[in-house]
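Bear in mind that the values here come from a model prediction, so they are computed numbers and not experimental data. Lettering follows sequence order; numbering is per chain, from 1. Heavy atoms only: backbone and side chains are in, while hydrogens, waters and symmetry mates are out.
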Protein chains: 2
Amino acid sequence: MTLSARPIETAAHDRLYRSLRQQIMHGELLPGQALTLRGLGKAHGVSMTPAREALRRLVAEGALTLSSSGRVATPELSNDRIEELAALRALIEPELAARALPRAHLALIDRLAAINTSNAEAVAKQDAVAYIRTNLEFHRTLYLRAQAPAMLAVIETIWLQLGPTMRALYGRVQRNEPPRHHRMILAALRAGDEPALRLAVRTDVTHGLRHLAG
Amino acid sequence: MTLSARPIETAAHDRLYRSLRQQIMHGELLPGQALTLRGLGKAHGVSMTPAREALRRLVAEGALTLSSSGRVATPELSNDRIEELAALRALIEPELAARALPRAHLALIDRLAAINTSNAEAVAKQDAVAYIRTNLEFHRTLYLRAQAPAMLAVIETIWLQLGPTMRALYGRVQRNEPPRHHRMILAALRAGDEPALRLAVRTDVTHGLRHLAG
DNA sequence: CATGGGAAAACGTGATCACAAATTCCACCT
DNA sequence: AGGTGGAATTTGTGATCACGTTTTCCCATG
């Protein structure tokens with residue numbers, strides 16, 4: 001039964017980590033949801049050891065919170081914390097967009113528009129997870145062009161921290177509105193207008209998150 | 001020999017994590033230094049398990065790099081990566097300083113001045129570790145007043161990633177100059193001048209890191 | 001003297017177990 | 001009926017082991 005380091009396929013703890021990370025970032029887990037080592041291990045057919053490493057990694061990234069007794073759960077963010085994370089997004093994402101702008105050719109803009117269409121469909125279907133997923137995909141696709149892996153890693157960590165909260169907030173702030181500001185982002189990209197792009201990204205980021213904390 | 005979760009004292013993996021984190025952030029470890037589970041465990045009188053958790057956590061924070069075979073070492077950053085991390089510092093730290101400004105009373109400014117004195121002493125003694133430590137303490141003491149724990153966590157993660165590199169670079173960029181811009185930061189704090197504070201912090205941050213990448 | 005190959009040592013990964021703390025649950029008492 | 005105490009279950013932590021890979025080291029070969 002001992003499966004040690006494999007040559008090609010990824011390690012069990014890494015697969016578990018990726019699986020959980022995606023669930024959290026896409027809002028498939030509600031805030032306050034508890035995760036146990038034995039439960040996760042049993043659910044994925046592995047022992048406690050890989051589960052422990054995956055959880056430790058996610059806790060280190062702020063995706064999960066650690067109670068005083070060592071128990072792990074998805075975070076229930078305070079309004080202050082949400083505002084702070086929104087401020088970080090508003091600070092970093094315009095910079096990433098601006099760095100991507102010179103490299104944003106037509107093919108990329110078309111791909112962004114396609115993702116935006118999927119996003120609108122998710123809104124129409126009232127599918128919270130698909131909405132969050134396509135929304136983040138829109139931003140990530142743009143920021144990948146910035147050639148700034150460290151910045152991208154930081155911003156993804158922040159998305160990760162907001163995952164469960166964004167899910168819980170969907171339906172309260174998102175009624176049936178399509179992603180308005182995404183069209184402004186696309187227009188600014190086409191025009192090569194950096195100030196307009198920075199403003200559009202900043203507005204898009206703060207718009208969804210500013211309402212709930214008030 | 002089994003020492004399980006203690007009621008009061010922190011867990012072994014947490015102590016190990018803190019110890020390593022401080023060593024890395026303060027530049028006590030040079031880039032490329034390898035760290036092994038058995039070696040760390042033996043050095044700290046614990047088994048592989050806590051060492052594994054501590055390393056996994058530090059890797060998740062970007063403080064250590066993971067080779068394709070799973071081996072862990074302090075990072076050897078490329079110039080592009082260093083510039084990017086410097087850009088993140090230049091983006092976030094002025095914001096933290098600006099948020100701390102309204103709450104920065106005289107007692108805080110005096111403490112900052114005292115830390116600055118220790119910093120100057122470290123420069124005089126050519127003590128790289130003490131220089132890095134007091135320099136970060138100067139910034140952290142100010143930013144703590146910003147009441148922004150998420151931003152502080154992000155910026156500390158970035159300091160952590162730069163730790164070994166800053167150590168390796170000390171002596172190349174740091175000749176015998178005292179921290180010039182720290183005095184500008186203190187002056188802006190005393191004057192309550194936010195634009196000047198933002199500029200001083202930004203300049204201080206970029207000054208030390210911009211030279212080496214060119 | 002440089003180089004390639006093979007044995008040996010070192011390493012990460014995952015499973016399992018023991019232990020103590022934390023949590024849960026239910027019967028019992030007020 | 002509503003809390004209360006204690007037992008039973010659940011949980012995280014750390015140690016240890018086996019396994020297969022990776023790295024290191026050294027000697028033999030060109």
Side-chain angles (χ1 to χ4, degrees), chain A residues 1-21 24 29-76, chain B residues 1-21 24 29-76:
Chain A
M1 249 321 208
T2 301
L3 300 181
S4 63
R6 315 293 196 56
I8 293 173
E9 32 180 322
T10 75
H13 67 84
D14 198 60
R15 274 179 289 137
L16 220 170
Y17 162 78
R18 275 188 236 274
S19 168
L20 286 173
R21 178 187 147 101
I24 295 168
L29 271 50
L30 290 175
Q33 191 134 129
L35 299 173
T36 67
L37 298 181
R38 290 173 177 84
L40 274 176
K42 208 149 290 183
H44 287 76
V46 295
S47 78
M48 291 165 49
T49 312
R52 203 191 312 201
E53 297 193 49
L55 286 190
R56 190 68 65 191
R57 201 168 155 188
L58 289 163
V59 168
E61 295 180 12
L64 298 171
T65 60
L66 203 59
S67 83
S68 59
S69 64
R71 277 167 164 78
V72 169
T74 49
E76 306 187 74
Chain B
M1 252 313 214
T2 302
L3 301 181
S4 65
R6 314 289 195 59
I8 293 172
E9 32 181 322
T10 75
H13 68 85
D14 198 61
R15 275 178 288 136
L16 220 170
Y17 163 77
R18 276 188 237 275
S19 168
L20 286 173
R21 179 188 147 98
I24 295 168
L29 271 49
L30 290 175
Q33 191 134 128
L35 299 173
T36 67
L37 298 181
R38 290 173 177 85
L40 274 177
K42 209 150 288 183
H44 288 76
V46 295
S47 78
M48 291 165 48
T49 312
R52 201 191 313 199
E53 297 193 47
L55 286 191
R56 191 67 65 191
R57 203 169 155 187
L58 289 163
V59 168
E61 296 181 14
L64 298 172
T65 60
L66 203 59
S67 82
S68 60
S69 65
R71 280 169 162 77
V72 170
T74 51
E76 308 187 75

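Note on L35(A): only backbone sugar-phosphate atoms sit closer than 4.0 angstrom, heavy atoms only; bases stay farther off.
Out of dA15(D), dT13(C), dT16(C), the shortest distance to the side chain of M48(A) is found at dT16(C). Among dG12(D), dT13(C), dT16(C), the nucleotide with an atom closest to any side-chain atom of T49(A) is dT16(C).
Look at NZ on K42(B): it is 9 Å from P on dC11(C), rounded to the nearest Å. Rounded to a whole Å, the CZ atom of R52(B) is 17 Å from the P atom of dG12(D). The separation between L40(A) atom CG and dG14(C) atom P is 15 Å, rounded to whole Å. Between Y17(A) atom OH and dT13(C) atom C1' the separation is 18 Å, expressed in whole Å. When rounded to the nearest whole Å, the span between CG of L37(B) and C1' of dC17(D) equals 15 Å. Going from atom CG of L66(A) over to atom P of dG12(D) covers 10 Å, rounded to whole Å.
A sub-4.0 Å separation between OP1 or OP2 of dT16(C) and a side-chain N or O of R38(A) is absent.
Considering CZ of R57(B) and CD of E61(A), their distance stands at 12.5 Å, rounded to 0.5 Å.
For the side-chain contact (heavy atoms from CB on, under 4.5 Å) test with L58(B), the passing option among V72(B), T65(B), L64(B) is L64(B); the others fail.
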- Item | Test log, rule side chain to side chain contact (heavy atoms under 4.5 Å, CB included), inputs H13(B) and T49(B) | CA-CA 8 Å; H13(B) 68 85; T49(B) 312; over 6 Å; no
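Nearest-nucleotide mapping onto DNA chain C: of S69(A) and G70(B), the residue sitting toward the 5' end is G70(B). Comparing R71(A) and S47(A) along DNA chain C, the residue whose closest nucleotide (by nearest heavy atom) sits nearer the 5' end is S47(A).
Closest of all the heavy-atom pairs between G62(B) and P75(B) is O-CG, 4.5 Å.
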